[in-house]
Amino acid sequence: MAINIKKIGVIGSGQMGKGIAQVCATAGFDVHLMDANEDVLGGAVAAIGKGMGRLVAKEKMSESDKDAALKRISTGADMSGFKDCQLVIEAATEDEQVKKAILLELCEVLSDDALIASNTSSISITRLAAKTDRPEKVVGMHFMNPVPRMELVELIRGIATDEETYTTIRELVVKLGKTPINAEDFPAFIVNRILLPMINEAVYTLYEGVGSVSAIDNAMKLGTHHPMGPLELADFIGLDTCLSVMHVLHDGLADTKYRPCPLLVKYVEAGWLGRKSGKGFYDYSGDEPVPTR
Ligand code: NAD
């Protein structure tokens with residue numbers, strides 16, 4: 001590895017931040033996990049432990065490795081825990097203003113040679129990097145959800161990203177047991193440029209009454225062998241994140257084909273964000289998810 005990484009910071013302990021912390025700690029790195037919301041942070045390590053427990057049950061991890069990995073994770077609600085990190089991965093809410101404010105604050109505590117990666121699903125790495133005091137040390141590191149299970153990490157260079165940073169992060173991805181694929185710094189990169197318009201079209205299909213939630217999801221599962229239907233997948237990703245990615249595509253590529261479906265907007269306005277809020281295209285309050293229309 002071009003730069004010796006021992007301790008990795010993770011900003012945001014939502015579904016992605018927890019997954020990233022889990023794979024980094026499992027691979028032997030010390031991890032500091034931070035979230036502005038102390039309630040979320042409180043349950044984070046227990047949730048990671050539960051995730052590792054499932055791997056132990058499947059004999060993919062030993063109990064002692066699990067205990068050792070959990071011990072490598074510290075948590076905190078401010079930036080001070082990132083002082084001795086060689087890399088900080090930002091995985092907070094998909095909102096450009098939120099991410100820019102985080103990066104400004106982060107640079108104040110970070111050591112001069114530390115690297116910054118963003119797990120953004122869609123936002124320009126060049127624009128985020130420009131907010132920092134080290135644009136050459138900033139890279140896009142786009143993990144997939146759920147992080148412990150998915151093989152891919154998209155890597156995105158900003159216009160200023162230097163080769164040492166890129167190589168270091170690429171080697172780190174391999175150490176984490178994942179496969180890096182390079183994507184250029186265009187709105188939503190590769191996976192979400194293709195996936196999110198499909199999900200948005202599924203919401204239009206629902207909005208126009210072409211099919212019900214179950215009909216759309218079952219049609220895509222049985223008809224295209226997708227493991228999850230597009231609306232189920234949207235709930236899994238988070239409808240706020242889906243909408244945010246559609247806005248980035250619409251604004252960044254200035255093409256009406258990326259217009260977010262008004263029904264998706266309405267669900268987000270209602271606070272129906274999918275699995276993480278308990279309700280989206282399905283209601284998750286019972287034993288089985290029930291379609292909401
Ligand atoms: P999430 O809503 O589950 O978690 C976001 C977390 O960020 C929350 O816990 C929130 O409290 C925290 N946060 C917000 N503002 C903060 C701040 N100023 N400082 C510290 N923490 C703050 O979202 P998520 O699904 O984990 O997504 C996080 C990032 O990962 C986004 O950029 C998203 O686009 C990206 N991503 C998401 C997926 C997915 O399928 N959900 C996949 C790949 C990448």
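For ligands, and for the atoms within them, numbers begin at 1 and follow the listed sequence. If you read the sequence from its start, that first residue is 1, and numbering goes on from there. As the structure is a prediction and not an experimental result, all values here were calculated from the model.
In summary, the atoms of ligand 1 found under 4.0 Å from a heavy atom of Ala91, numbered by their order in the structure, are 28 (C), 29 (C). The distance from ligand 1 to the heavy atoms of Val40 drops below 4.0 Å at these ligand atoms: 9 (O). Within ligand 1, the atoms closer than 4.0 Å to a non-hydrogen atom of Val98 are 15 (N), numbered from 1 in the order shown. With ligand atoms numbered from 1 in the order given, ligand 1 contributes 11 (O) to contacts under 4.0 Å with heavy atoms of Asn37. Set against the non-hydrogen atoms of Thr120, the atoms of ligand 1 under 4.0 Å away are 32 (O). Taking every heavy atom of His142 and a limit of under 4.0 angstrom, the matching atoms of ligand 1 come to 43 (C), 44 (C).
Using the six-membered ring where Trp is involved, Tyr207 and Tyr204 have ring planes that are perpendicular, over 60° apart on the 30 and 60° scheme.
The shortest contact between atom 21 (N) of ligand 1 and any protein heavy atom is with Ala36 N, 3.4 Å. Nearest protein neighbour of atom 23 (O) of ligand 1, counting heavy atoms only, is Lys276 NZ, 3.8 Å. In this structure, atom 30 (O) of ligand 1 lies nearest to the protein heavy atom Asn119 ND2, 2.9 Å. Gly14 CA, 3.2 Å is the protein heavy atom nearest to atom 4 (O) of ligand 1. Closest to atom 37 (C) of ligand 1, if we only count protein heavy atoms, is Met16 CG, 3.3 Å. Nearest protein neighbour of atom 6 (C) of ligand 1, counting heavy atoms only, is Asp35 OD2, 3.7 Å. Considering only non-hydrogen protein atoms, atom 22 (C) of ligand 1 sits nearest to Ala92 CB, 3.9 Å. Atom 41 (N) of ligand 1 has its closest protein heavy atom at Ile237 O, 2.8 Å.
One side chain, Asp185 or Thr126, offers a donor N or O that lies under 3.5 Å from an acceptor on the other. A side-chain donor from one of Glu184 and Asn182 sits under 3.5 Å from a side-chain acceptor of the other. Side-chain contact check for Tyr282 and Asp217: at least one donor-acceptor pair (N or O, by modelled atom type) lies under 3.5 Å. In the model, Asp78 has a side-chain atom that pairs as donor or acceptor with a side-chain atom of Ser80 under 3.5 Å. Side-chain contact, Tyr284 with Asp235: a donor N or O sits under 3.5 Å from an acceptor N or O. Defined by atom type and a distance below 3.5 Å, a donor-acceptor pair is missing between the side-chain atoms of Thr165 and Glu136. If you check the side chains of Glu90 and Ser118, you find a donor sitting under 3.5 Å from an acceptor.
Using a non-hydrogen distance threshold of 4.0 Å, Met34 registers as a contact of ligand 1. The closest approach between any non-hydrogen atom of Lys99 and ligand 1 is below 4.0 Å. Assignment of Met144 to the shell around ligand 1 is not supported, since no heavy atom sits closer than 4.0 Å.
For atom 32 (O) of ligand 1, the nearest non-hydrogen atom from the set Glu90, Lys18, Glu94 belongs to Glu94. The option with the heavy atom closest to atom 44 (C) of ligand 1, from among Ser118, Ser122, Ser121, Gly19, is Ser121.
Salt bridge absent: Arg275 and Glu232 never bring a charged side-chain N and a carboxylate O closer than 4.0 Å. A salt bridge does not link Asp113 to Arg134: none of the charged nitrogens lies less than 4.0 Å from a carboxylate oxygen. A salt bridge links Lys100 and Glu96; the closest N-O separation between the charged side-chain nitrogens and carboxylate oxygens is under 4.0 Å.
With a 4.0 Å heavy-atom cut-off, ligand 1 is reached by the side chain of Ile102 but not by its N, CA, C or O. Contact annotation for Thr93 and ligand 1: heavy atoms of both the backbone and the side chain come within less than 4.0 Å of the ligand. Contact annotation for Thr241 and ligand 1: only side-chain heavy atoms (C-beta onward) come within less than 4.0 Å of the ligand. By the criterion of a heavy-atom distance under 4.0 Å, the backbone of Phe143, and not its side chain, is placed next to ligand 1.
No single ILVMFWY cluster, assembled from side-chain heavy atoms under 4.5 Å apart, contains both Leu196 and Val248.
In this structure, CG in Asp112 is found 8.0 Å from NZ in Lys137, a value given to the nearest 0.5 Å. The CZ atom of Phe29 sits 9.0 Å away from the CG atom of Leu87 when rounded to the nearest 0.5 Å.
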